Amino acid sequence: MFLPTGDVYVFDVDGVLVDASERLKAALRSVGLEGYERPEDIEPGLRQAFWKVFLSPELLELDKPRETGIKLLLDRLGKGVVLILTGRPYRLFKSTVAQLKSMGVPMERTILVMRPNSERRRDVDFKASVLARIQKLVEIHDDDLKVLEVARRLHPQARLFLHFDDNYKEI
């Protein structure tokens, strides 16, 4: 996997560039888990069925752009290399590129790193393995505090931005 040199700005997809809340609700309904709000609360035996539905290309059409995250990404394009780092599996590569392009992200000016299809580690562990190979991380934008905590340990000088709803805060 090619990782850039120079100033790198990292953005997550779901929760930063994309609002996946409707896809989440639809996937939970589809597998009969309406009472749940977060995937990590789902019993281990039911998680695989949930993730199969949630990560299906058909449900991506339910996603909406997160304007704040997209504006921040567009601003960073002129400052360094923008790397989009997502826990989505590589089998969604074409769908993800098309989705982000439709939301105004110039994908030809970014690097998209996706989880290998066979990857079974937690999202935070996958992202940590990628972040560890970046030489000069300037900023990271994610909606998972655990990912940002790992980024802080690996890159103490980097600016960390926790995204929620269509807002964010530096931590």
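Bear in mind the structure is a predicted one, so any value in this text is a computation, not a measurement.
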- Message: Parallel, tilted or perpendicular: which one describes the rings of Trp51 and Phe54, with boundaries at 30° and 60°?
- Response: perpendicular
- Task: With rounding to the nearest 0.5 Å, note down the distance linking NZ in Lys136 to CD1 in Ile134.
- Result: 13.0 Å
- Criterion side chain to side chain contact (heavy atoms under 4.5 Å, CB included) against Leu72, the qualifying member of Glu139, His163, Glu67: His163
- Message: Working to the nearest 0.5 angstrom, can you tell me the gap between Leu162 CG and Asn167 CG?
- Response: 10.5 Å
- Given Ile84, which of Val113, Val97, Val16, Leu73 fulfils the side chain to side chain contact (heavy atoms under 4.5 Å, CB included) condition? Leu73
- Just checking, is any N or O donor in the side chain of Ser129 or Arg121 under 3.5 Å from an acceptor N or O on the other one? yes
- Item | CG on Asp165 to OG1 on Thr68, rounded to 0.5 Å | 10.0 Å
- Query: How about Leu55 and Arg23: do any of their side-chain heavy atoms sit closer than 4.5 Å?
  - Reply: yes
Report all side-chain donor-acceptor pairs from residues 37-46 shorter than 3.5 Å, counting only partners two or more places apart or in another chain.
residue: Arg38; atom: NE; partner: Asp41; partner atom: OD2; Å: 3.1
residue: Arg38; atom: NH1; partner: Glu40; partner atom: OE2; Å: 3.3
residue: Arg38; atom: NH2; partner: Asp41; partner atom: OD1; Å: 2.9
residue: Glu43; atom: OE2; partner: Tyr36; partner atom: OH; Å: 2.6

- Leu17 and Met103, any side-chain heavy atoms less than 4.5 Å apart: no
- Task: Could you tell me whether the side chain of Thr86 reaches within less than 4.5 Å of the side chain of Phe126, counting heavy atoms only?
- Result: no
- Task: For residues Ala128 and Leu154, report the shortest heavy-atom separation together with the two atoms involved.
- Result: O-CD1, 3.7 Å
- Message: So if I apply the side chain to side chain contact (heavy atoms under 4.5 Å, CB included) rule between Val18 and each of Arg88, Lys64, Arg66, which one comes out positive?
- Response: Arg88
- Applying side chain to side chain contact (heavy atoms under 4.5 Å, CB included), run through Leu28 and Glu34 and close with a yes or a no. CA-CA 5 Å; Leu28 289 169; Glu34 293 91 344; 5.9 Å; no
- Task: Taking all heavy atoms of Gly87 and all of Asp123, pick out the closest pair and write down the distance.
- Result: CA-OD1, 3.0 Å
- Query: Is it true that Lys127 and Asp144 make a salt bridge, defined as a side-chain N closer than 4.0 Å to a carboxylate O?
  - Reply: no
- Test side chain to side chain contact (heavy atoms under 4.5 Å, CB included) on Leu24 and Phe50 and set out the steps. CA-CA 9 Å; Leu24 174 65; Phe50 163 78; 3.5 Å; yes
- Item | Atom pair CZ/CG of Arg47 and Leu33 - distance to nearest 0.5 Å | 11.0 Å
- Task: Decide whether Met107 and Leu77 are clustered together by the hydrophobic rule: side chain heavy atoms of Ile, Leu, Val, Met, Phe, Trp, Tyr closer than 4.5 Å, transitively.
- Result: yes
- Check: Asp14 and Asp63 side chains under 4.5 Å, non-hydrogen atoms: yes
- Message: Could you check whether any side-chain N or O of Asp142 sits under 3.5 Å from a backbone N or O of Leu148, counting only pairs where one atom can act as donor and the other as acceptor?
- Response: no
- For the student: nearest non-hydrogen atoms of Ala26 and Leu62, plus distance: CB-CD1, 3.6 Å
- Message: So does Ala27 get a backbone contact from the side chain of Ser30, meaning a donor-acceptor N/O pair under 3.5 Å?
- Response: no
- Between Ile171 and Leu145, is any pair of side-chain heavy atoms under 4.5 Å apart? yes
- Kindly write out the residues that satisfy ring pair (Phe, Tyr, Trp, His ring centres under 6.0 Å) with Phe11, not counting sequence neighbours, or none if the list is empty. His141
- Item | Interatomic spacing from NZ in Lys146 to CG in Asp143 - rounded to 0.5 Å | 11.5 Å
- Residue set satisfying ring pair (Phe, Tyr, Trp, His ring centres under 6.0 Å) with Phe93, at least two apart, ordered chain then number -> Tyr90
- Message: For a side chain to side chain contact (heavy atoms under 4.5 Å, CB included) check, start with the C-alpha distance between Asp19 and Asp166, then their side-chain angles and the critical distance, and finish with the verdict.
- Response: CA-CA 8 Å; Asp19 175 356; Asp166 199 20; over 6 Å; no
- Going by an N to O cut-off under 4.0 Å, is there a salt bridge joining Glu170 and Arg159? yes
- How long is the span from the CD atom in Gln99 to the CG atom in Leu92, to the nearest 0.5 Å? 9.0 Å
- Query: CD of Glu149: more than 12 outside heavy atoms within 6.0 angstrom?
  - Reply: yes
- Message: Does this structure show an ion pair linking Lys25 with Glu22, if we count only N-O contacts that are shorter than 4.0 Å?
- Response: yes
- Item | Side chain proximity check, Leu131 to Leu85, heavy atoms < 4.5 angstrom | yes
- Message: With a 4.5 Å cut-off on side-chain heavy atoms, are Asp125 and Val150 touching?
- Response: no
